[in-house]
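Read the structure below first, then the notes.
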Amino acid sequence: MKKLMITAALTAFFYVGYAQTTTDCNQKNTAKVQQIEGYYIFVDSEPTKPYDFIGTVTTNSSKGGIQYTNIRDKLIKNAKEQFPRADALIFRFSSGQADKAEAIKFRE
């Protein structure tokens with residue numbers, strides 16, 4: 001009887017673990033987010049974890065080139081100066097307008 005209960009418990013444990021792994025792997029909209037200079041960077045995406053909006057930083061792409069990394073680095077620099085306690089930045093790029101990033105703080 002004791003062996004049966006142990007076997008049943010182990011089976012249930014492994015089944016739950018397998019089901020969780022399978023569910024996570026089958027979701028096509030999950031990703032590992034890159035962290036640059038202490039900020040999680042979201043481009044054309046948003047975090048799934050609840051967060052609070054802190055503020056917005058902008059940059060004029062004509063003053064730093066039009067390469068993504070130049071604009072990204074300038075937005076990160078501006079965010080570090082204005083919102084050093086932010087956890088992440090959500091980038092919003094606009095053709096013909098100033099590019100911006102929203103600084104956010106994840107809820108505990």
Shortest non-hydrogen contact from [X] toward [Y]:
{"X": "Gln35", "Y": "Gly38", "value": "NE2-O, 3.3 Å"}
{"X": "Pro47", "Y": "Ile90", "value": "CD-CD1, 3.8 Å"}
{"X": "Gly55", "Y": "Phe83", "value": "CA-CZ, 3.5 Å"}

Worksheet item: So does Tyr40 have more than 12 non-hydrogen atoms from other groups sitting under 6.0 Å from OH?
Response: no

Worksheet, complete the sentence: Across all chains, not counting sequence neighbours, the ring-ring contact (aromatic ring centres under 6.0 Å, His included) partners of Tyr68 are Phe93

Worksheet item: Quick one: are Val33 and Tyr39 in side-chain contact, heavy atoms under 4.5 Å?
Response: no

Discussion item. Counting C-beta onward and ignoring hydrogens, is there a side-chain heavy-atom pair between Asn29 and Thr48 closer than 4.5 Å?
Written reply: no

How long is the gap from [atom1] on [X] to [atom2] on [Y], to the nearest 0.5 Å?
{"X": "Ile104", "Y": "Phe42", "atom1": "CD1", "atom2": "CZ", "value": "6.0 Å"}
{"X": "Thr59", "Y": "Lys100", "atom1": "OG1", "atom2": "NZ", "value": "13.5 Å"}
{"X": "Asp99", "Y": "Arg92", "atom1": "CG", "atom2": "CZ", "value": "12.5 Å"}
{"X": "Leu89", "Y": "Leu75", "atom1": "CG", "atom2": "CG", "value": "8.0 Å"}

Applying side chain to side chain contact (heavy atoms under 4.5 Å, CB included), name anything that partners [X], two or more places apart in sequence or on another chain.
{"X": "Glu81", "result": "Lys77, Asn78"}
{"X": "Lys105", "result": "Ile54, Asp87"}
{"X": "Arg107", "result": "Pro50, Asp52"}

Worksheet item: How would you list all residue pairs meeting salt bridge (charged side-chain N to carboxylate O under 4.0 Å, His left out) that involve residues 29-40, not counting sequence neighbours?
Response: none

Worksheet item: Of all residues at least two apart in sequence or in a different chain, which pass the side-chain hydrogen bond (donor to acceptor under 3.5 Å, both in side chains) check with Arg72?
Response: none

